[in-house]
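Have a look at the structure below before the remarks.
Everything numeric here is computed off the predicted structure, so don't read it as measured data.
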Amino acid sequence: MSRIPSASPWWWKLLAPHRVELAKGLTATILCSLAAAWVPYWSGRAVHALEQGQWDLSRHYLVWMMGFTVVAGIGRYLMRNILIGLSRTIERLQREELFDFYLSRPFAFYERSRIGDLMSRIGDDVNTVRMATGPGLMSFLQVASILPMTIILMAHTSPRLTGAVLLPFLCLTLCFYAIGKLSHTVQQKLQLVSSQLNTFSHETISGEKVVQAFGLESNRVVQFRELSVQQARLNIRQSVIFGSYAPLSALMGGAGALILVAYGGNLVLRGVLSLGDLTAFTGYLVALAWPIMSMGWAANLFQRAKAGQERIDQVMAPLEVPLQPAIALHLPEQPMAVKTQRLAHRFESGRGIGPLTLDIPAGGSLAVVGGIGSGKTILLQMLAGLRLPTEGSIEADEEPLSDDRLRAHWASLGWVPQEAFLFSNTLRENLAMGRPEATEAELWDVARVVCLDELMKHLPLGMDTVVGERGVALSGGERQRTALARALLRKPRLLLLDDCLSAVDAETESRILENLRSYLGTTTLVLSTHRVFVAELCEHILVLEEGHIVQYGTAEELSNQPGRFARMRRLQSLEREIVRG
């Protein structure tokens, strides 16, 4: 959707790109309203002719009344078809825009956003906007078009009766304004609580194994109940506010009818007004009743939509530079050379890593070793271009890794994070996600490298077996091996492995590491691990401690030097012997 200047009202930003459809809908609404406004006039003329005993003239007026009724029906059909269709188009475009926005956000956006909240905005908030730009807009246009013509016809018949009959409707407008302000405040609170409830539900269902393992079911139920009660109370309050529109409209409509009968009947008895004019006034009042009653409903929809659009605008006011769109790239096949110059990253708490200066030649391999919290993952995230450094720079093939080069960098990258994420699809589609054109033979080749081929032979449908949400049908080690195979299938120029074999047993790990040796030299490899025997796969080893380099060298050099690497090697060797024994 094209963006309109921010000074414009929220509803105009959505409707302005669809001026042609909006003009068609407005034309159909005006046609419907004008025709509907003239129907009471001709009915009044018909009754007046009957009073005078002019039967032929009365039939003539009735034909006119029938014609305007047909025109009003056609206009109403066109109005609903165009305006409701327009609202559905706006809903689709807004959802697509939000989805594209989510996909273009960098890593930092998702660190500070909650998935349940993002889902609430692309779901509930967009739906409230759709209701306002469809049924709400249609009701508003009906009132705006039928009201002037009807008042003109009423004033032409009797100005005094017109003023008396419309007085309750003026009071009704003031009441609607006050209720609308209150509705907007309640709706903002309601959407915030709904977002919290969505987030809580998403986290609880995703982490149900942790909840069950710690016996927190009762605790989570209590928290869910508290959020549900808050949402229910706000929903009830909003329903009460919304429900007040109909009684108020009925009350004011009844007051208008009472004035019409009392005052209008008096005018008829005094000979100031004819019976036909009183009949026309009754028709005018009926014609105005539904549009004015729906005006309160439309006002409530607009207040809800305003709150929803504010939340959408909040999430779409990014702090980060959006990513460049994905395009087809022709990349060199040789491995990537990576250099960092005083690279550092600091969080608001002051923790982080660096400065680090590294020089990894094309086809080289580096293992990053360290304990928990040493900064291994942060370093790999920066090398992957997922996290921006706060200091220093990264060069890929002697070119700075800037925002405009991220897409080319990612196209050359094979990235396997600690937590392997699989989509709710078949194993084949998860493996071939980075290269959909991969052949069957290529899929089996990478499966053998990561020791996944035996598993695939025993699955019910082989590679076409659905792995479930987030790969729930597979074990943790199987998910990690699938993610590794997915990265290898891309034939990356730079392969980043972030402790990706932590859930794999020692024997399978050894086989995978032996198979990975064939990739050395054909790709630049950087892996992070807390297992020194995995690190020995690489030419050089970097030991981190609290974000700083404490050792650097080959596995043989570090094993013979006193320090953290040698201590870790002795402890893990002892652990291996105990396990084997």
Check: [Y] main-chain N/O paired with [X] side-chain donor or acceptor under 3.5 Å:
{"X": "Asp397", "Y": "Met336", "result": "no"}
{"X": "Thr390", "Y": "Ala344", "result": "yes"}
{"X": "Arg490", "Y": "Ser412", "result": "no"}
{"X": "Thr523", "Y": "Leu525", "result": "no"}

Rounded to the nearest 0.5 Å, how far does CG of Leu431 lie from CG of Asn425?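 Reported to 0.5 Å precision, the distance equals 11.5 Å.
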Rounded to the nearest 0.5 Å, what's the gap from CG on Leu537 to OH on Tyr519? Could you check?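 Rounded to the nearest 0.5 Å, the CG-OH separation comes to 13.0 Å.
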Identify whether the distance between the nearest side-chain nitrogen and carboxylate oxygen of Arg511 and Glu514 falls below 4.0 Å.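 No, Arg511 and Glu514 are not salt-bridged.
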Residues [X] and [Y]: side-chain donor-acceptor under 3.5 angstrom:
{"X": "Thr204", "Y": "Arg220", "result": "yes"}
{"X": "Ser374", "Y": "Glu545", "result": "no"}
{"X": "Thr128", "Y": "Asp125", "result": "no"}
{"X": "Gln223", "Y": "Asn219", "result": "yes"}
{"X": "Asp498", "Y": "Thr377", "result": "yes"}
{"X": "Thr426", "Y": "Glu429", "result": "yes"}

Among residues two or more places apart or on two chains, list those pairs meeting salt bridge (charged side-chain N to carboxylate O under 4.0 Å, His left out) that have a residue in residues 471-484.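 Pairs touching residues 471-484 that pass the test: none.
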Summary of salt bridge (charged side-chain N to carboxylate O under 4.0 Å, His left out) pairs that have at least one residue in residues 368-391, sequence neighbours excluded: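 Sorted pair list: Glu111-Arg387.
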Mind telling me whether Phe101 and Phe109 have parallel, tilted or perpendicular rings, with 30° and 60° as the class edges?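 Correct class here is perpendicular.
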Checking Glu539 now: which residues fulfil side chain to side chain donor-acceptor pair (under 3.5 Å) with it, not counting sequence neighbours?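 Residues passing side chain to side chain donor-acceptor pair (under 3.5 Å) with Glu539: none at all.
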List the steps, then state whether side chain to side chain donor-acceptor pair (under 3.5 Å) holds for Ser194 with Gln231. CA-CA 6 Å; Ser194 296; Gln231 187 192 43; 3.0 Å; yes
